[in-house]
Amino acid sequence: MAETKREIERKYEATEKAGLPDLTRARGVSAVLDRGVAELDAVYYDTADLRLAADSLTLRRRTGGEDAGWHLKFPVASGIRDEIRAPLADTLPTPLARLLRSRIRDEDVVPVVRLRSSRDVRHLVDEEGTLVAEVSVDTVHAERLTESGGETSWTEIEVELADGADPTVLDAVEKRLKKAGVRPSASASKLARALAETTDPDAGSAGGAHDAVFRPGEDTAGGRVLAYVEEQIDAIIALDPAVRRDLPDSVHQMRVATRRLRSAFKTYRKVLDRTVTDPIGEELKWLAGELGVARDQEVLLDRLRGRIEELPRTLLLGPVRSRLRIWNAAHGGGARRTALAALDSARHLALLSALDALLTDPPLLKDATKDAPPVFAKAVLKDYDRLAGRVDHALALPAGHDRDLAMHEARKAAKRARYAAEAATPTLGKPAKRFAKRMKSVQTVLGDHQDSVVAREALRTLAVQAHAAGESAFTWGLLYGQEEAAGADREREFPQVWERASAPKPRAALSH
């Protein structure tokens, strides 16, 4: 089984003149305990074109020390990484291989660097003897394992925050180190330094899965659209392991990236050839749908829980919370399995390869060579006109099922218009930003309405299940009525929201 550790650390250059000062003078440190020297031997793995290094990921197999095993590190922020650990084995453990799948695809990982380190460890403890940080002086010898690789050596100081400790202790220790002449390391990691200081002409420079990106002129419509497309593709690739790790909001963010990309293909169809992008768009729709099962269930569960928590106890008749848990267990577990199965599928890998090909050899049309502003403005306005037509249709219908469906279609059009404007903001500036904000207000009220529709369907199912089990269905009926009222409120609110969002007229605003 793999386990995760949040690693918060800082690295410093160690020189002959600048050693470790008296760290008991650092705020929060009362004693420094010598823990001896550990001999560490780590082999770092990557693809032949160093895809992991290009994304600041490190994969190693280490022996020696207290944490021998396979380690995969994901950057979180400057000086912060999540380290995923798996037991020592001869081959890459499956849980770690899955986390790398979106980046390495069908490529093998091979040994690229070996680091042998003598680690002189000291524990910094507070007045109560609680560990607050670990300081190590590492004497490192790095050897490039690929053909024509070189070797290099250095000494560095590493300060790692203890689990649950106050992060300000790192600032206090750094202050003492700087006074002693110790300076922060120029490299983010040992691997980065080893790669920079060894040479391997045959390996070439580190690159990502789509490093050979063709780019037309920066200010052309093609250049701007491809920049946005690449941003969404990078998000899909980066969020794949986050979804697998079940990180908060990861499913939602990955789904948003697929939708933004698919919308861009449709909105900017005069820039990118739809005969190429339409099939990719269908695959993005499939992926969003598979991910959506988990996300939609999560949103719906939160909404129903909130409704239940707002009710007085006297209105909770029967095992309401237990019934909700049973219902969610029947849907939630299957939803996550569906999402993971999609990410593990050959279909997902084929989609990622198609996205790589799209960037490497983009299917640019005539409008790609034009100045970006007029092309973007025209595309955004076309999406707005599409939205306006759907809004008019929805508002002309009487309340009921058909109007619910029409409002849902208008919501999807509002989202597309918003995404179009957000993609155009770097080109059109504040007018596009303001337009996107107005479209978001439309999307929000229509989204709330659709959520009430979905909630009512779920509540009806829960009421039927409760009745069949001999339980009272009163509470579920009460909640159904609340959702029905909420939906009606959104319908009454929508015409005013639309009126505000469509004034001033977008055509005049985006044309200036």
Side-chain angles (χ1 to χ4, degrees), residues 45-52 54-55 57 59 72 92 94-110 207-215 225-246 250-269 271-295 334-365 419:
Y45 289 75
D46 206 332
T47 58
D49 56 356
L50 302 179
R51 296 180 189 179
L52 302 184
D55 286 342
L57 271 66
L59 172 66
L72 173 59
L92 177 63
T94 299
L96 301 192
R98 285 176 173 156
L99 294 176
L100 294 172
R101 195 166 187 259
S102 67
R103 288 179 168 88
I104 67 174
R105 318 293 165 78
D106 291 323
E107 294 293 319
D108 293 326
V109 290
V110 296
H210 50 261
D211 54 325
V213 179
F214 171 80
R215 182 78 69 227
V225 169
L226 284 178
Y228 181 79
V229 165
E230 185 175 9
E231 181 182 340
Q232 306 314 314
I233 292 174
D234 287 344
I236 291 170
I237 293 170
L239 286 164
D240 180 300
V243 171
R244 295 174 187 274
R245 294 171 59 197
D246 202 19
S250 57
V251 170
H252 173 61
Q253 292 301 325
M254 188 173 186
R255 197 179 182 195
V256 167
T258 64
R259 286 173 166 172
R260 289 182 187 276
L261 187 53
R262 186 164 170 252
S263 290
F265 291 160
K266 294 179 178 179
T267 297
Y268 301 105
R269 56 189 178 274
V271 175
L272 295 176
D273 189 349
R274 290 191 65 178
T275 62
V276 175
T277 61
D278 276 357
I280 298 175
E282 286 302 309
E283 292 304 285
L284 290 168
K285 182 179 180 181
W286 161 78
L287 179 58
E290 299 298 284
L291 296 170
V293 175
R295 172 61 181 173
R336 175 150 177 79
R337 287 192 295 271
T338 296
L340 294 178
L343 297 183
D344 283 337
S345 68
R347 187 173 182 179
H348 181 50
L349 280 189
L351 170 59
L352 295 177
S353 296
L355 293 174
D356 287 345
L358 180 73
L359 288 175
T360 303
D361 186 19
L364 299 174
L365 298 176
Y419 289 163

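Treat the numbers as computed from the prediction; the structure is a model and nothing was measured. All values below come from the heavy atoms of this structure, side chains included, with hydrogens, waters and symmetry mates left out.
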(message) With a 4.5 Å cut-off on side-chain heavy atoms, are Leu284 and Phe265 touching?
(response) yes

(message) Is any side-chain heavy atom of Leu343 closer than 4.5 Å to one of Leu287?
(response) yes

(request) Measure across Ala346 and Arg101 and return the closest heavy-atom pair with its distance rounded to 0.1 Å. (result) N-NH2, 4.2 Å

(message) Check this for me: Arg98, atom CZ, are more than 12 non-hydrogen atoms of other residues, nucleotides or ligands nearer than 6.0 Å?
(response) no

(message) Quick one, Leu261 and Val229 - any side-chain contact, counting heavy atoms below 4.5 Å?
(response) yes

(request) Look up atom CZ in Arg336 and atom CZ in Arg244, then write down how far apart they are to the nearest 0.5 Å. (result) 9.5 Å

(message) Tell me every residue that passes salt bridge (charged side-chain N to carboxylate O under 4.0 Å, His left out) with Arg262, counting only those two or more places apart in sequence or in another chain.
(response) none

Under 3.5 Å, side-chain donor or acceptor atoms of residues 347-355 against the rest of the protein: list the pairs with distances, not counting sequence neighbours.
from, atom 1, to, atom 2, distance (Å)
Arg347, NE, Glu283, OE1, 2.7
Arg347, NH2, Glu283, OE2, 3.0
His348, NE2, Asp240, OD2, 3.0
Ser353, OG, Leu349, O, 3.1

(message) Any side-chain to backbone donor/acceptor pair from Arg260 onto Arg255? Under 3.5 Å, distance only.
(response) no

(request) Identify the two heavy atoms, one from Tyr419 and one from Tyr228, that lie closest to each other, and give their separation to 0.1 Å. (result) O-OH, 4.1 Å

(message) With heavy-atom distances below 4.5 Å as the criterion, would you say the side chains of Tyr268 and Leu226 are in contact?
(response) no

(message) Measuring only between side-chain heavy atoms, which start at C-beta, is Arg269 closer than 4.5 Å to Thr277?
(response) no

(request) Would you give the length of the straight line joining atom CD1 of Ile104 to atom CG of Leu57, rounded to the nearest 0.5 angstrom? (result) 10.5 Å

(request) Compare every heavy atom of Leu92 with every heavy atom of Leu96, then report the nearest pair and how far apart it is. (result) CB-CD1, 3.9 Å

(request) To the nearest 0.5 angstrom, please state how far the CG atom of Leu359 sits from the CD1 atom of Ile233. (result) 4.0 Å

(request) State, yes or no, whether a side-chain contact exists between Asp234 and Asp55 at a heavy-atom distance under 4.5 Å. (result) no

(request) Begin with the C-alpha distance, continue with both residues' side-chain angles, and end with the deciding distance and a verdict on side-chain contact (heavy atoms from CB on, under 4.5 Å) for Leu364 and Leu272. (result) CA-CA 5 Å; Leu364 299 174; Leu272 295 176; 3.7 Å; yes

(request) Measure the spacing between CG of Leu291 and CH2 of Trp286 and express it to the nearest 0.5 Å. (result) 8.5 Å

(message) Would you compute the distance between atom OG1 of Thr47 and atom CG of Asp108 and round it to the nearest 0.5 angstrom?
(response) 10.0 Å

(request) Of all the heavy-atom pairs spanning Glu107 and Arg51, show the shortest one and how long it is. (result) CG-NH2, 3.6 Å

(message) Would you say that Pro241 contacts Leu100 through its side chain, given a criterion of any heavy-atom pair below 4.5 Å between the two side chains?
(response) no

(message) Could you measure the distance from the OG1 atom of Thr258 to the CD atom of Gln253? Nearest 0.5 Å is fine.
(response) 11.0 Å

(message) Using modelled atom types and a 3.5 Å cut-off, is there a donor and acceptor pairing between side-chain atoms of Thr360 and backbone atoms of Ala357?
(response) no

